[in-house]
**Q** 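Below: one structure in structure tokens.
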Amino acid sequence: MLDMKYLRKNVTEVTQKLQDRGVSPDNLIELLNLDQERRDTIQKVENLKADRNIESDKIAYAKRNQEDASQSILAMQRVSQEIKKLDARQLELNDQVQNLAAHLPNLAASEVPVGVDESANIEQRVWEPTDYQKRPHALLETPEWLKAHYEVGEALGILDFERGAKVSGARFLYYVGDGARLERAVYNFMLDEHRKEGYTEMITPIVVNDAAMFGTGQYPKFQDDAYRVSGLAQTYIPTAEVPLTNYYSGETLPADDLPIKFTALSPSFRKEAGAAGKDTRGLIRLHQFNKVEMVKFTKPDQSYAELESMTANAESILQKLGLPYHVIMLSTGDMGFSAAKTYDIEVWMPQQSLYREISSVSNTEAFQARRMHITYRDEDNKLQLVHTLNGSGLAVGRTVAAILENYQNEDGSITIPEILRSYMGGQEKLVATPHY
RNA sequence: GGAGCUAUGGCACAAUCCGGUACUGCAACGGACUCGAAAUCCGUCGAGCCGCUUUUGGCGGUGUGCGGGUUCGAAUCCCGCUAGCUCCUCCA
């Protein structure tokens with residue numbers, strides 16, 4: 001949610017910035033007109049209410065003194081009728097203003113490149129392990145034997161998409177045997193790393209109410225992408241960002257505690273509406289996947305430094321796993337609804353010779369905090385909105401996919417990244433194992 | 001899932017039956033006393049939200065868990081909801 005006062009005072013600037021994000025200026029004009037009418041109505045009705053309060057006191061006083069107040073009561077009956085009408089009108093206007101405002105995306109930070117889509121994104125840096133070129137598949141050209149992660153996963157018997165589809169539906173899967181073990185090793189490793197960086201580990205509800213979905217900005221605009229619990233005003237979370245960020249909704253945080261950092265592993269549920277036919281195979285685009293999420297609550301003047309360090313926290317996971325990646329800054333057209341600035345981290349997938357998103361780290365500034373009312377008291381004891389940040393650290397399934405390709409050997413086995421071996425009882429390789 | 005009870009400032013509580021300025025204490029803040037502190041005394045104290053404004057402030061509105069209704073006027077009466085507690089039932 002944007003600051004209405006700021007919108008009123010900076011119409012030209014906001015019009016431009018909304019346009020950068022693909023929002024027509026008409027939306028803002030309509031919003032401001034309704035807002036003006038709303039404030040006019042408030043003034044009218046508040047004057048009437050002030051009169052009525054005074055008159056009501058007089059009636060109470062007269063009644064105590066056994067005096068007749070029927071003239072006043074008659075007059076106030078008319079005033080109350082008028083107030084009722086104006087109140088109803090104001091409520092209507094409130095709803096309309098709220099509804100319009102709730103559909104406006106966050107304004108991009110000034111350094112964010114303006115563009116309509118991902119083509120305007122800017123690469124920030126590229127990283128690869130020093131020994132990467134020594135790996136069997138890291139040749140200039142992709143070797144023919146290199147299999148896509150889902151092919152090698154099925155060949156090894158550790159990913160079962162067919163039975164996932166049979167029991168659940170398309171875009172669901174079973175991890176089997178060493179596959180399940182690898183997934184578990186990956187997220188345990190990630191959680192341990194984040195905990196070392198000072199993130200408090202959480203296990204959150206994975207079903208949340210509508211207020212929570214509104215608070216982080218998924219609702220009202222993106223209801224079609226969410227798995228709603230049938231018949232209830234609850235939703236299976238599309239990301240742990242929702243329960244983690246809403247943890248403090250409606251609360252005032254002690255300034256000395258900031259920044260506060262949370263991390264959690266959770267399943268994430270997405271309908272992937274509009275993605276029909278895209279990435280239909282493998283671990284890349286599922287209706288349910290595991291993700292380790294990071295969330296921060298900060299003071300406004302520290303949020304951009306914290307964005308950098310959160311990005312570094314996500315990168316460090318890939319570095320320790322020895323997976324090549326690059327970091328890009330998303331353009332205004334490619335960013336999520338709530339974000340003011342977003343870095344995507346994309347991991348190298350050698351079989352397709354492309355980078356694939358594995359993490360998205362955003363500063364939403366006060367956009368979410370305003371929706372869910374998370375504040376702290378500044379030096380002058382005044383309430384200020386905190387800034388909230390969120391980032392994947394990382395998408396677990398996609399990390400497994402990246403391991404299956406980047407650590408694949410010519411014989412079809414997978415070398416387990418060294419850092420994960422202690423999480424897998426010292427196991428060094430994934431080889432085909434029979435199962436039933 | 002069933003029954004009963006409860007919800008009032010940062011905390012504890014009163015007013016609810018029978019509608020009329022939301023009581024008091026603690027905490028907090030300011031001051032006196034003191035070298036300083038404690039104790040004591042005096043004073044201030046409804047957070048948040050909204051609107052107007054001559055904007056370190058002032059005025060008004062709202063605000064007794066949430067949403068409606070009745071009324072000139074609702075903490076109080078009526079309806080709906082949510083959360084917590086107790087008991088029953090069920091359960092990993």
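None of the values given here were measured: they were computed from a predicted structure. Letters go in sequence order (proteins before strands), and every chain restarts at 1.
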**Q** Which nucleotide in the set B/rG20, B/rC50, B/rG48 lies at the smallest distance from any side-chain heavy atom of A/E46?
**A** B/rC50
**Q** When the nearest nucleotide of RNA chain B is assigned to A/A50 and to A/T375 on a heavy-atom basis, which residue is associated with the more 5' position?
**A** A/T375
**Q** Distance between the P atoms of B/rU55 and B/rG65, in whole angstroms?
**A** 38 Å
**Q** Who is the Watson-Crick or G-U wobble partner of B/rC85, with both distances under 3.5 Å?
**A** B/rG4
**Q** Using the C1' atom as the point on both nucleotides, what is the distance between B/rC17 and B/rG10, in whole Å?
**A** 31 Å
**Q** Applying the side-chain hydrogen bond (donor to acceptor under 3.5 Å, both in side chains) test to A/T388, which of A/Q368, A/E241, A/R371 qualifies?
**A** A/Q368
**Q** Kindly point out which of B/rG48, B/rG61, B/rG51 is positioned nearest to the side chain of A/R38?
**A** B/rG51
**Q** For nucleotides B/rU76 and B/rA7, find the distance between their P atoms and express it as a whole number of Å.
**A** 12 Å
**Q** Side-chain contact, heavy-atom cut-off 4.5 Å: A/L420 with A/I416?
**A** yes
**Q** Give the rounded distance in Å between these two atoms: NZ of A/K9 and C1' of B/rU55.
**A** 10 Å
**Q** Please give the distance between the P atoms of B/rU24 and B/rA15 as a whole number of Å.
**A** 14 Å
**Q** May I have the distance from A/K5 (atom NZ) to B/rU53 (atom P), rounded to whole angstrom?
**A** 12 Å
**Q** Given A/E306, which of A/K296, A/K261, A/H387 fulfils the side-chain hydrogen bond (donor to acceptor under 3.5 Å, both in side chains) condition?
**A** A/K296
**Q** Under 4.0 Å between a side-chain nitrogen and a carboxylate oxygen: does that hold for A/R38 and A/D35?
**A** yes
**Q** In whole angstrom, what separates A/I54's CD1 from B/rU21's P?
**A** 16 Å
**Q** Calculate the interatomic distance between A/R377 atom CZ and B/rC29 atom P; express it in whole Å.
**A** 13 Å
**Q** For the C1' atoms, the ones on B/rG61 and on B/rU6, what distance do you get once it is rounded to whole angstrom?
**A** 31 Å
**Q** Is a salt bridge present between A/K196 and A/D192, judged by a nitrogen-to-oxygen distance below 4.0 Å?
**A** no
**Q** Would you measure the distance from the C1' atom in B/rC50 across to the matching atom in B/rC29 and give it in whole Å?
**A** 27 Å
**Q** Hey, are A/K320 and A/E193 close enough for a salt bridge, meaning a charged N less than 4.0 Å from a carboxylate O?
**A** yes
**Q** Do any side-chain nitrogens or oxygens of A/N209 fall under 4.0 Å of OP1 or OP2 in B/rU82?
**A** no
**Q** Both distances below 3.5 Å, Watson-Crick or wobble geometry, any strand: find the nucleotide opposite B/rG67.
**A** B/rC79
**Q** For nucleotides 65-77 of chain B, read 5' to 3', which letter fits each nucleotide if B means a protein heavy atom sits under 4.0 Å from the base, S means only the sugar-phosphate is that close, and - means neither?
**A** ---S-S-BS----
**Q** In whole angstrom, what separates A/D3's CG from B/rC49's C1'?
**A** 14 Å
**Q** Should the pair A/R228-A/D210 be classified as a salt bridge under the 4.0 Å nitrogen-to-oxygen rule?
**A** yes
**Q** In whole angstrom, give the distance that lies between atom CG of A/L383 and atom P of B/rG48.
**A** 5 Å
**Q** Measure up the A/H287 and A/Y227 rings against each other and bin them: parallel (under 30°), tilted (30 to 60°), perpendicular (over 60°).
**A** perpendicular
**Q** Using purine N1 to pyrimidine N3 plus N6-O4 or O6-N4 for Watson-Crick, or N1-O2 and O6-N3 for G-U wobble, both under 3.5 Å, which nucleotide pairs with B/rU54?
**A** none
**Q** According to the Watson-Crick and G-U wobble definitions, with both distances under 3.5 Å, which nucleotide is paired to B/rC90?
**A** none
**Q** Does any nucleotide pair with B/rC17 by Watson-Crick or G-U wobble geometry, both distances under 3.5 Å, and what is it?
**A** none
**Q** Base, sugar-phosphate or nothing for A/R370? Non-hydrogen atoms, less than 4.0 Å.
**A** nothing
**Q** For A/D51 and B/rG60, what is the distance between atoms CG and P respectively, to the nearest whole Å?
**A** 12 Å
**Q** Both A/A60 and A/D35 contact RNA chain B. Which one's nearest nucleotide lies toward the 5' end?
**A** A/A60
**Q** For the C1' atoms, the ones on B/rG1 and on B/rG19, what distance do you get once it is rounded to whole angstrom?
**A** 38 Å
**Q** Return the value, rounded to whole Å, for the distance between atom CG of A/N94 and atom C1' of B/rG51.
**A** 11 Å
**Q** Quick test of your reading of the model: are A/K85 and A/E82 salt-bridged, counting only N-O distances below 4.0 Å?
**A** yes
**Q** Determine which nucleotide pairs with B/rG73, using a 3.5 Å limit on both distances of a Watson-Crick or G-U wobble pair.
**A** none
**Q** Just call it for A/N53: base, sugar-phosphate, or nothing, with non-hydrogen atoms closer than 4.0 Å on any strand.
**A** sugar-phosphate
**Q** Does the side chain of A/R39 get closer than 4.0 angstrom to OP1 or OP2 of B/rC50 through an N or O atom?
**A** no
**Q** Any idea which of B/rC49, B/rG60, B/rC52 is nearest the A/Q43 side chain?
**A** B/rC52
**Q** Could you let me know what B/rU24 is paired to, Watson-Crick or G-U wobble, both distances under 3.5 Å, or none if it's on its own?
**A** B/rA12
**Q** I'd like to know if A/E55 pairs up with A/K58 as an ion pair, taking the criterion as any Lys NZ or Arg NE/NH1/NH2 lying under 4.0 Å from an Asp or Glu carboxylate oxygen.
**A** yes
**Q** Can you check the distance between B/rU44 and B/rC26, where both ends of the measurement are the C1' atom (answer in whole Å)?
**A** 16 Å
